[in-house]
2 protein chains.
Amino acid sequence: MSSKQEFIKKLRNSNLRPTKQRINICDVLFNRDKTFHFTINDLFNLIKDKTGQKVSLATVYNTVHAFHKKGYLKEIPINSNQTYFDTNVSDHHHFFDVKEEKLIDLKNEDVGPIDIQKSIPGKKIKSVEVLVKLED
Amino acid sequence: MSSKQEFIKKLRNSNLRPTKQRINICDVLFNRDKTFHFTINDLFNLIKDKTGQKVSLATVYNTVHAFHKKGYLKEIPINSNQTYFDTNVSDHHHFFDVKEEKLIDLKNEDVGPIDIQKSIPGKKIKSVEVLVKLED
DNA sequence: ATTCTTCTTTAGAATAATTATAAAAAACTC
DNA sequence: GAGTTTTTTATAATTATTCTAAAGAAGAAT
């Protein structure tokens, strides 16, 4: 299946029609080997750079949120003025280089199993995220 | 030592003069048994409620940031439009009840040791934070 | 205590990320 | 192709946070 067909499938699954703009967003997001960490603003600029076509900021927001809701993108819990997303939606953790404001993946093996020994009645665990901040 | 004397000490250590406003902020922050998780806006409103005196938002921001810099407050990495702080500056982790937008402390024993097996040349680990999201 | 200097408070303006709006354009249905 | 629904877009609105500058309070020196 060509990557364009995959994009269309992802969009349809997310209840989005496959428009030119959204295909361009997909092209930047999913047409890559390695995991991709980004802010909306990063993505907005990369679309212009890579596809030569401008997509409005509102469309970028809407599309990213739809993908996030569907599970094609993961939001990374981090303190920053901007929200960070990750195309790697598997269960994994992150380094955050505070100085450079850059994220680096940590494989699950790099951290080992995390066993939460406390529970809250009526609540279940949705996710466990480890953030390792790095300094020089 | 009275709590007021402690507040003054904390303020001096943070390079802040002990003003009436800042003492009121300290009163809400540090005059309590349990750990306190808050946003700036929470704190701003609690000062009015508890002390009956209004402190300007700018002063709350400035004071909280000075305490954070000095290590009297800890910032909690979490995805939210607002920044969360914690008066418990010891090494510990958090539950986050997504629905209620509420944080709950996890003792270190509740999580167990976290052994990061990967390292980045030239960088050292500043902190390791575990965030466990809860759902119903 | 008085004067002088430095720091602080404050309201309001500025900034920046995000969300909402509504009219024009594109996609889909028949 | 005609009609309906969705989408895009520029722009406005919202919200958290930071900045600013003038008036007030704290600290130091006398």
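Every heavy atom of this structure was used, including side-chain atoms; hydrogens, water molecules and symmetry mates were not. A note on names: the letters A, B, ... follow the listed sequences, proteins ahead of strands, and every chain is numbered from 1.
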Rounded interatomic separation in angstrom, taking [atom1] from [X] and [atom2] from [N]:
X       : N      : atom1 : atom2 : answer
A:Phe38 : C:dT18 : CZ    : C1'   : 15 Å
A:Phe44 : C:dA16 : CZ    : C1'   : 14 Å
A:Lys48 : D:dT9  : NZ    : P     : 12 Å
B:Leu11 : C:dT9  : CG    : C1'   : 14 Å
B:Asn62 : C:dG12 : CG    : C1'   : 15 Å
A:Arg22 : C:dC28 : CZ    : P     : 10 Å
A:Leu43 : C:dA17 : CG    : P     : 15 Å
B:His68 : D:dT17 : NE2   : C1'   : 15 Å

Legend entry - Side-chain N or O of A:Lys54 closer than 4.0 Å to phosphate OP1/OP2 of D:dA10: yes
Legend entry - Under-4.0 Å side-chain N/O to phosphate OP1/OP2 contact, B:Tyr61 with D:dT17: yes
With respect to the side chain of [X], which nucleotide from [options] is positioned closest?
X       : options                : answer
B:Leu16 : D:dT7, D:dT18, C:dT8   : C:dT8
B:Gln82 : C:dA11, C:dA17, D:dA16 : D:dA16
B:His65 : C:dA11, D:dT18, C:dT18 : D:dT18
A:Thr19 : C:dA17, C:dA11, C:dA27 : C:dA27
B:Ser56 : C:dT18, C:dT10, D:dT7  : C:dT10
A:Ile40 : C:dT18, D:dA10, D:dC19 : C:dT18
A:Thr59 : D:dA16, D:dT8, D:dT17  : D:dT8

Inset, instruction - Find which nucleotide of DNA chain D each of B:Tyr84 and A:Gln21 is nearest to by heavy atoms, and output the residue with the more 5' nucleotide. - result: A:Gln21
Legend entry - Shortest non-hydrogen contact between A:Pro77 and A:Leu131, atoms and distance: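 Looks like O-CD2, 3.8 Å.
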Legend entry - Over all atoms of both residues, closest heavy-atom pair of B:Ile8 and B:Pro18: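 Distance-wise, the nearest heavy atoms are CG1-CB, 3.9 Å.
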Legend entry - Residue among B:Leu46, B:Asn45, B:Asp86, B:Thr87 satisfying side-chain contact (heavy atoms from CB on, under 4.5 Å) with B:Phe38: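 Exactly one option meets the side-chain contact (heavy atoms from CB on, under 4.5 Å) with B:Phe38, and it is B:Thr87.
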Legend entry - Donor-acceptor side-chain pairing of A:Asn79 and B:Tyr84 below 3.5 angstrom: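 Checked: A:Asn79/B:Tyr84 side chains show no N/O donor-acceptor pair below 3.5 Å.
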Considering only nitrogen or oxygen atoms on both sides, find all protein atoms under 3.5 Å from nucleotides 27-30 of chain D and state each distance.
from, atom 1, to, atom 2, distance (Å)
D:dG27, OP1, B:Arg12, NH2, 2.5

I want to check something: taking the side chain as every heavy atom from C-beta on, are [X] and [Y] in contact at a cut-off of under 4.5 Å?
X        : Y        : answer
B:Lys118 : A:Phe95  : yes
A:Asn108 : A:His93  : yes
B:Glu129 : A:Val130 : no
A:Ile40  : A:Gln82  : no
B:Lys123 : A:Asp97  : yes

Inset, instruction - Rounded to 10°, tell me the angle between the two end axes of the helix from C:dA1-D:dT30 to C:dC30-D:dG1, each built from five pairs. - result: 30°
Legend entry - Validation row, ring centre B:Phe30 to ring centre B:Phe67 under 6.0 Å: yes
Inset, instruction - For A:Thr83, report the nucleic acid contact type (base, sugar-phosphate, nothing); a contact means any heavy atom under 4.0 Å. - result: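 It contacts sugar-phosphate atoms only.
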Legend entry - First of B:Leu57 and B:Asn15 reached from the 5' end of DNA chain C, by closest nucleotide: B:Asn15
